[in-house]
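None of these values were measured; they are calculated from a predicted model. These values consider heavy atoms only, across backbone and side chains, with no hydrogens, waters or symmetry-generated copies.
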Amino acid sequence: PEITRHILTGGYPEIWNEKLVADTWLKSYVQTYVQRDVRLLRNITNLALFTRFIHLCASHAGQILNRDEFARLTGVDTKTILAWLGLLENSYIIFLLQPWHNNLNKRIVKSPKLYFYDTGLLCHLLDITNQTSLKKHRHYGFLFENWIISEIKKNRFNAGQQEGLYYFRDNVGNEVDLITEKNGEPFAI
């Protein structure tokens with residue numbers, strides 16, 4: 001129950017320190033920071049499309065990113081998707097976990113996986129409001145994976161290890177969710 005509570009609440013200090021209702025705080029956060037401040041950085045005029053894009057990101061958290069599919073589903077071009085992804089990355093809303101490959105085997109997936117820094121925000125965007133609905137959600141596995149990988153990424157950042165996390169997946173679906181390199185070779189975490 002403690003893990004699902006952490007996934008659902010997320011890690012924004014204000015929620016924990018002031019014992020706030022996470023969903024209420026996150027709703028305000030999305031309205032003020034994500035929908036207003038972040039979109040103003042790129043002068044995004046169509047709030048409805050940008051909001052659809054953010055929800056699309058949430059529904060694909062923990063999955064391999066297909067920029068062309070995002071463009072098709074939102075009705076904008078791929079360049080706009082790339083710009084919006086960069087905006088959310090630079091605003092520490094999402095991060096892209098790059099694939100590990102050594103260019104020797106062309107049968108390796110080379111697209112990044114999309115993750116959110118905060119699973120509370122992710123749950124809010126997916127309309128998950130309690131632990132029961134979280135455990136029953138069809139994306140629970142991706143949410144759990146997102147929480148673990150984002151926590152590892154944050155811990156590594158705090159230890160001064162900002163780079164060096166990857167995932168590996170081949171063309172038949174064999175996958176390692178998180179790897180790093182030791183002496184130039186992949187090492188599963």
**Request:** Tell me, please, which residues at least two apart from D77 pass side-chain hydrogen bond (donor to acceptor under 3.5 Å, both in side chains).
**Result:** T80
**Over all atoms of both residues, closest heavy-atom pair of L87 and S91** = O-OG, 2.8 Å
**Message:** Which heavy atom of R67 sits nearest to which heavy atom of P112, and what is that distance?
**Reply:** NH2-CG, 3.5 Å
**Message:** Centre-to-centre under 6.0 Å for F142 and H60, is that the case here?
**Reply:** no
**salt_bridge(E14, K19) N-O dist < 4.0 Å** = no
**Message:** Working to the nearest 0.5 angstrom, can you tell me the gap between I64 CD1 and E69 CD?
**Reply:** 13.5 Å
**Asked** About how many Å separate CG of L8 and NZ of K135, when rounded to the nearest 0.5 Å?
**Response** 11.0 Å
**Asked** Hey, does Y33 have a side-chain heavy atom less than 4.5 Å from the side chain of I93?
**Response** yes
**Side chains of F144 and T4 in contact at under 4.5 Å (non-hydrogen atoms)** = no
**Item:** Minimum heavy-atom distance I54-F116, with the two atoms named
**Value:** O-CZ, 4.3 Å
**Message:** For the NZ atom on K154, are there more than 12 heavy atoms of other groups (residues, nucleotides or ligands in this structure) within a distance under 6.0 Å?
**Reply:** yes
**Item:** Spacing of L165 atom CG and Q161 atom CD [to the nearest 0.5 Å]
**Value:** 8.5 Å
**Message:** Is there a path of hydrophobic side-chain contacts, each under 4.5 Å between heavy atoms of I/L/V/M/F/W/Y residues, joining L82 to L41?
**Reply:** no
**Request:** Report the relative orientation of the aromatic rings in W84 and F50; use parallel for angles under 30°, tilted for 30 to 60°, perpendicular for over 60°.
**Result:** perpendicular
**Complete:** Heavy-atom nearest pair, L114 first then C57, reads CD2-O, 3.4 Å
**Message:** I'd like to know whether I149 forms a side chain to side chain contact (heavy atoms under 4.5 Å, CB included) with E151, so could you lay out the CA-CA distance, the side-chain angles of the two residues, the decisive distance to 0.1 Å, and finally the verdict.
**Reply:** CA-CA 5 Å; I149 290 176; E151 289 301 307; over 6 Å; no
**Minimum side-chain heavy-atom gap L65-K113 below 4.5 Å** = no
**Message:** Within this structure, what is the CZ-CG distance for the pair R5 and N130, rounded to the nearest 0.5 Å?
**Reply:** 14.0 Å
**Message:** Count I, L, V, M, F, W, Y as connected when their side-chain heavy atoms are under 4.5 Å apart, and connections chain through other members. Are F157 and L88 then in the same cluster?
**Reply:** no
Return a table of donor-acceptor pairs under 3.5 angstrom between the side chains of residues 117-128 and protein atoms on other chains or two or more places apart.
from	atom 1	to	atom 2	distance (Å)
D118	OD1	G11	N	2.5
D118	OD2	G120	N	3.0
D118	OD2	L121	N	2.9
T119	OG1	I7	O	2.8
H124	ND1	D23	OD1	2.7

**Side-chain (S150) to main-chain (W147) donor-acceptor, under 3.5 angstrom** = yes
**Asked** Is it the case that K153 places NZ or CZ above or below the six-membered ring of Y115, under 6.0 angstrom from the centre and within 45 degrees of the axis?
**Response** no
**Complete:** One should read off an interatomic distance between I152 CD1 and R156 CZ, to the nearest 0.5 angstrom, of 9.0 Å
**Request:** Step by step, work out the side chain to side chain contact (heavy atoms under 4.5 Å, CB included) result for F53 and L73.
**Result:** CA-CA 8 Å; F53 168 74; L73 292 171; over 6 Å; no
**Complete:** Between the CD atom in E145 and the CD atom in Q63, the distance rounded to the nearest 0.5 Å is 9.0 Å
**Request:** Check the hydrophobic clustering (I, L, V, M, F, W, Y; side-chain heavy atoms under 4.5 Å; chains of links allowed) and say if L85 and L47 are grouped together.
**Result:** no
